[in-house]
Amino acid sequence: MTAPVCLISGVGPGTGSALARKFAEGGYRVALLARNEERLAALEAQLPGAKGFRCDVSDPAQVDAVASAVERDLGHPTVVIHNAVGGAFGTFREIDPAILNRNFQVNTMGLLYLARRLTPAMIAAGAGAIIATGNTSALRGKAGFAGFAPTKAAQRILAESMARDLGPQGIHVAYVVIDAVIDLEWTRKRWPERPDDFFIKPQAIASEIWHVATRTAALGHSTLNCDRSEKAGSRGVRTTNAHLGSVKTSGAAGKSLIVTVS
């Protein structure tokens with residue numbers, strides 16, 4: 001039996017690499033997308049069955065070319081995870097408008113380009129999963145996040161629209177809200193006084209996304225809230241289900257999922 005394929009955009013040193021390792025360990029061939037070729041080469045060497053592809057997901061021509069290369073070298077992805085992110089700090093008066101536009105291209109348009117290019121094969125197969133990693137900025141706009149929050153909110157709404165369209169066709173769409181500070185070198189430097197349990201491990205996020213991709217494809221429209229429990233600390237999440245009922249789309253139940261990891 002041919003191993004399934006997972007495509008991950010934004011494969012950096014944190015969540016992206018953790019996702020790549022999790023899916024590779026789970027038997028997937030993994031397409032690693034990022035702009036940093038050295039990082040891709042290093043991770044590709046560590047993960048059997050993985051292959052790196054340099055790609056700026058804000059460029060539809062690059063997305064199309066890389067998708068064709070992935071299909072040729074690995075096969076059609078059955079799981080697509082959009083983890084690439086563009087961010088900036090500053091109030092609406094402080095930010096460079098060009099930065100806001102750039103972040104929108106990466107966060108929202110990148111999801112659109114990947115989904116438009118890769119879902120036809122999923123629809124033909126009647127199965128598949130598209131997952132986007134988000135954060136609390138998708139739900140609220142703080143003053144200092146004017147260059148970032150609008151793009152993540154738009155990304156979340158795009159995922160919801162996609163879910164209502166693709167759900168009746170057998171494609172599961174999920175939006176993961178990471179309501180926590182990810183444990184990375186730069187976040188440790190930004191919050192040096194914070195204790196370990198202030199941060200969430202990339203491995204914990206990857207594990208939750210693995211469960212979403214592999215165990216919840218048959219869920220109807222629902223919200224799944226995940227928060228750090230006292231026992232799990234910074235290494236795990238506690239999961240509770242909260243079904244919100246079905247969303248009727250063309251006479252069928254749409255499938256969408258919002259996962260909050262805090």
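By convention here, the first residue in the shown sequence is residue 1.
- Interatomic distance, H82 NE2 to S9 OG, rounded to the nearest 0.5 Å: 5.0 Å.
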V106 and V85: CA distance, side-chain angles, deciding distance, side chain to side chain contact (heavy atoms under 4.5 Å, CB included) verdict: CA-CA 6 Å; V106 173; V85 61; 5.6 Å; no
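- Pairs engaging residues 10-26 under the side chain to side chain donor-acceptor pair (under 3.5 Å) rule: R21-Q46 [sequence neighbours left out].
- A 4.5 Å side-chain heavy-atom check between I209 and L19 finds at least one atom pair inside the cut-off.
- Open room surrounds CZ on R116; 12 or fewer heavy atoms of other groups in view lie less than 6.0 Å from it.
- With hydrogens and angles ignored, the 3.5 Å screen pairs no side-chain donor or acceptor of E208 with any backbone N or O of A204.
- A salt bridge between E71 and R117 is present, with a side-chain N of the basic residue lying under 4.0 Å from a carboxylate O of the acidic one.
- Looking at V11, L33, L40 one by one, the single match for side chain to side chain contact (heavy atoms under 4.5 Å, CB included) with F53 turns out to be L33.
- Heavy-atom minimum distance, A159 versus V173: O-CG1, 3.4 Å.
- Because its NZ or CZ atom is not both nearer than 6.0 Å to the ring centre of F199 and within 45° of the ring axis, R194 does not count as a cation-pi partner of that residue.
- To the nearest 0.5 Å, atom CG of residue L111 and atom OG1 of residue T151 are 11.5 Å apart.
- Side-chain contact between C6 and I81 is present, with at least one heavy-atom pair separated by less than 4.5 Å.
- Side chains of R190 and R188 form no contact here, defined as non-hydrogen atoms less than 4.5 Å apart.
- Scored by the ring-ring contact (aromatic ring centres under 6.0 Å, His included) test, Y28 finds F23, W210 as partners (sequence neighbours excluded).
- Taking the side-chain hydrogen bond (donor to acceptor under 3.5 Å, both in side chains) definition, one finds that T108 meets it with nothing, sequence neighbours left out.
- Put simply, the side chain of R35 never gets that close to the backbone of C55: no donor and acceptor are under 3.5 Å apart.
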Start with the C-alpha gap between L7 and V79, add the side-chain angles, then the distance that decides, and say whether side chain to side chain contact (heavy atoms under 4.5 Å, CB included) holds. CA-CA 6 Å; L7 181 148; V79 176; over 6 Å; no
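- Under the 4.5 Å side-chain criterion, counting only non-hydrogen atoms from C-beta, H172 is in contact with V212.
- Residue pairs satisfying the salt bridge (Lys or Arg N to Asp or Glu O under 4.0 Å) criterion with at least one member in residues 100-114, sequence neighbours excluded, are listed as follows: D56-R102.
- Rounded to the nearest 0.5 Å, atoms OG1 (T119) and CG (L114) are 10.0 Å apart.
- Of all the heavy atoms in G14 and L184, the pair that sits closest is CA-CD2, 3.4 Å.
- Pairing each heavy atom of A163 with each of P168, the nearest pair is O-CD, 4.2 Å.
- At least one side-chain heavy atom of Y113 sits under 4.5 Å from a side-chain heavy atom of Q105.
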Can you give the donor-acceptor pairs under 3.5 Å from side chains of residues 89-97 to other protein atoms, not counting sequence neighbours?
{"from": "T91", "atom 1": "OG1", "to": "R93", "atom 2": "N", "distance (Å)": "3.4"}
{"from": "T91", "atom 1": "OG1", "to": "E94", "atom 2": "N", "distance (Å)": "3.3"}
{"from": "T91", "atom 1": "OG1", "to": "E94", "atom 2": "OE1", "distance (Å)": "3.4"}
{"from": "E94", "atom 1": "OE1", "to": "T91", "atom 2": "N", "distance (Å)": "3.0"}
{"from": "D96", "atom 1": "OD1", "to": "A98", "atom 2": "N", "distance (Å)": "2.9"}

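- Note that CG of N83 and OG1 of T133 are 3.5 Å apart. Values are rounded to the nearest 0.5 Å.
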Run the numbers on I200 and V181 for side chain to side chain contact (heavy atoms under 4.5 Å, CB included), then give the verdict. CA-CA 6 Å; I200 189 167; V181 176; over 6 Å; no
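- Across L100 and A146, no two heavy atoms sit closer than the pair CD1-O, 3.6 Å.
- In this structure, the separation between OG1 on T78 and CG on L118 is 11.0 Å, given to the nearest 0.5 Å.
- Remark: I130 CD1 to M162 CE distance equals 4.0 Å, nearest 0.5 Å.
- Counting only heavy atoms from C-beta outward, the side chains of I131 and V80 never approach each other to under 4.5 Å.
- One hydrophobic cluster, built from ILVMFWY side chains closer than 4.5 Å, cannot hold both I99 and F104; they sit in different ones.
- G141 and A149 make their closest contact through CA-CB, 4.1 Å (heavy atoms, listed as atom of the first residue, atom of the second, distance).
- At least one side-chain heavy atom of N107 sits less than 4.5 Å from a side-chain heavy atom of K152.
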Side chain to side chain contact (heavy atoms under 4.5 Å, CB included) evaluation trace for R29 with T2: CA-CA 9 Å; R29 289 172 293 173; T2 304; 2.8 Å; yes
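- With hydrophobic clusters built from ILVMFWY side chains whose heavy atoms lie under 4.5 angstrom apart, I123 shares a cluster with V70.
- Within 6.0 Å of CZ on R39 lie more than 12 heavy atoms contributed by other residues, nucleotides or ligands.
- The side-chain hydrogen bond (donor to acceptor under 3.5 Å, both in side chains) check on N103 picks up nothing, with sequence neighbours excluded.
- Between D196 and K201 no salt bridge is recorded (no basic side-chain N to carboxylate O distance below 4.0 Å).
- When all heavy atoms of V57 and A84 are compared, the pair lying nearest together is CG2-CB, 3.9 Å.
- With 3.5 Å as the limit, one finds a donor-acceptor pair spanning the side chains of Y175 and Q155.
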